[in-house]
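For reference, the structure is listed below as structure tokens.
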Number of protein chains: 2
Amino acid sequence: MARLSSDERRARLVQAALRVIDRDGVQGATTRAIVAEAGMSLASFHYAFRSRDEMISELIAFVVENEQQVSLAAVRPGTDIRTAVRAGLQAFFELLVSNPTREQALFELMHYSLRTPELSELPRAQYASYFRVARVLLDSGAATAGVTWSLPIDELARILIAFTDGLTLAWLADRDDAAAAVVMDFAADTISALAVPIRTKEHQR
Amino acid sequence: MARLSSDERRARLVQAALRVIDRDGVQGATTRAIVAEAGMSLASFHYAFRSRDEMISELIAFVVENEQQVSLAAVRPGTDIRTAVRAGLQAFFELLVSNPTREQALFELMHYSLRTPELSELPRAQYASYFRVARVLLDSGAATAGVTWSLPIDELARILIAFTDGLTLAWLADRDDAAAAVVMDFAADTISALAVPIRTKEHQR
DNA sequence: GTCTATACACCGATAGAC
DNA sequence: GTCTATCGGTGTATAGAC
């Protein structure tokens with residue numbers, strides 16, 4: 001293996017670990033499996049990272065950092081807010097269907113972190129990241145639809161994430177697409193019901 | 001160790017495994033840890049079960065079977081439907097707060113099963129059990145409040161479970177009680193909005 | 001039936017040659 | 001810096017004494 005900078009080696013190992021976790025779960029992501037995936041020797045792993053948990057920690061930080069671009073593209077200008085929310089949920093659902101093991105891996109990483117004392121604070125950051133993405137989507141959706149939210153955006157973001165988590169888990173368990181659509185319809189109905197039209201200057205009524 | 005019938009030994013090992021999983025997660029539930037918890041020798045485990053996964057399978061079947069009595073007691077006669085739904089959610093939440101690792105363990109069991117080919121059908125049964133409990137609660141709540149549901153009970157049950165899963169995961173991550181209350185309020189509002197009063201014979205309007 | 005002892009694979013981590 | 005070889009520990013599962 002060619003000589004790599006420390007940062008480059010760490011990044012390659014994290015990317016390899018993500019592929020292994022996606023394929024075999026957090027449990028399958030042993031140091032040996034990761035270096036095999038990265039095409040490195042076992043010793044290289046512990047040259048780059050002090051321990052496996054240190055790598056997991058960096059991996060979660062990477063995942064949390066690179067999650068913004070999820071489905072911002074789904075926000076189309078000119079649509080009403082109910083349609084916009086439903087489209088965002090649909091975009092997320094199609095991401096889930098096309099890559100179920102990846103969504104499962106995110107849950108597994110959370111549970112692993114909660115059981116590992118040195119990593120137990122990471123899930124807080126993970127969900128803070130989810131909430132941030134949800135806030136951005138709700139904000140931009142409201143802006144293009146010309147509405148504001150009657151609930152604080154923080155509360156609304158948490159409700160939206162509760163819906164996506166809830167529908168994801170049930171779908172992973174029974175793969176019922178139609179049932180997932182029912183939950184998404186309900187979520188779009190109830191969330192968009194909290195939107196109020198922006199009162200313009202010409203006193204519309 | 002005294003001689004035990006095969007069923008009794010299996011049952012004791014499952015109970016011990018549940019305690020270990022609760023304490024240390026599915027990963028910590030090794031055969032050695034389980035027999036230590038049960039006060040048996042290692043060989044006894046493989047005398048009772050052909051493999052660890054066979055025991056996990058029986059353990060999940062046990063959990064799924066014994067989940068009905070969760071919070072049926074929370075349904076009080078004479079309350080309106082919004083109050084009844086909110087009280088049911090509160091009862092679940094207090095169960096979660098008083099025993100967070102147990103709720104986490106149920107998620108971990110699901111993810112482990114999904115990654116294990118021989119167990120991959122178990123999550124379907126696990127969620128079917130959740131939905132069944134939700135249906136019973138929604139039915140009895142509607143009966144005491146004198147309403148019916150304007151959505152099929154199956155769909156409503158799935159929505160309720162999505163709420164409990166979603167609020168559980170976020171709470172496990174950041175332990176924000178106030179934020180959980182917001183989600184529960186929203187769930188109670190939107191679910192009870194789907195209740196319609198039963199029209200009595202004297203043509204009430 | 002229940003035990004101790006052990007087989008065998010794999011784990012994270014490190015030593016030391018190059 | 002990168003490798004091979006190996007350490008000490010633990011995993012599931014089994015053999016064989018009692």
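Lettering follows sequence order; numbering is per chain, from 1.
Under the ring pair (Phe, Tyr, Trp, His ring centres under 6.0 Å) criterion, A:His46 pairs with no residue at all, not counting sequence neighbours. Here B:Tyr112 pairs with nothing under the ring pair (Phe, Tyr, Trp, His ring centres under 6.0 Å) rule; sequence neighbours left out.
For DNA chain C, no neighbouring residue in residues 107-122 of chain A is found when judged by any heavy atom under 4.0 Å.
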Give each protein N/O atom lying under 3.5 Å from an N/O atom of nucleotides 13-16 of chain D, with the pair distance.
{"unit_1": "D:dA13", "atom_1": "OP2", "unit_2": "B:Arg52", "atom_2": "N", "d": "2.9"}

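Ring geometry for A:Phe45 against A:Phe49 counts as tilted: the plane angle lies between 30° and 60°, on a 0 to 90° scale. B:Phe163 and A:Phe163 have tilted rings, their planes meeting at an angle from 30° to 60° on a 0 to 90° scale.
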Applying side-chain hydrogen bond (donor to acceptor under 3.5 Å, both in side chains) to B:Thr168 and B:Asp165, what does each step give before you reach the verdict? CA-CA 5 Å; B:Thr168 297; B:Asp165 275 356; 5.5 Å; no

Dump the intermediate steps for salt bridge (Lys or Arg N to Asp or Glu O under 4.0 Å) on B:Glu121 and B:Arg124, then the final yes or no. CA-CA 6 Å; B:Glu121 289 305 313; B:Arg124 187 184 303 274; 3.3 Å; yes

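Contact annotation: A:Thr30 reaches the phosphate of C:dC11 (side-chain N/O to OP1 or OP2, under 4.0 Å).
Residue B:Arg10 contributes atom CZ, which lies 14 Å from atom P of C:dG1 at whole-angstrom precision. The interatomic distance linking B:Met40 (CE) with C:dT4 (C1') rounds to 17 Å, in whole Å.
At a threshold of 4.0 angstrom between heavy atoms, the contacts of A:Ser44 are confined to the sugar-phosphate backbone, with no base atom among them.
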Which side-chain N or O atoms in residues 25-35 of chain B pair as donor and acceptor under 3.5 Å with protein atoms at least two apart or in another chain?
{"unit_1": "B:Thr30", "atom_1": "OG1", "unit_2": "B:Ala33", "atom_2": "N", "d": "3.1"}

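Sorted by first then second residue, the salt bridge (charged side-chain N to carboxylate O under 4.0 Å, His left out) pairs that include residues 106-115 of chain A, not counting sequence neighbours, are A:Glu108-B:Arg115, A:Arg115-B:Glu108.
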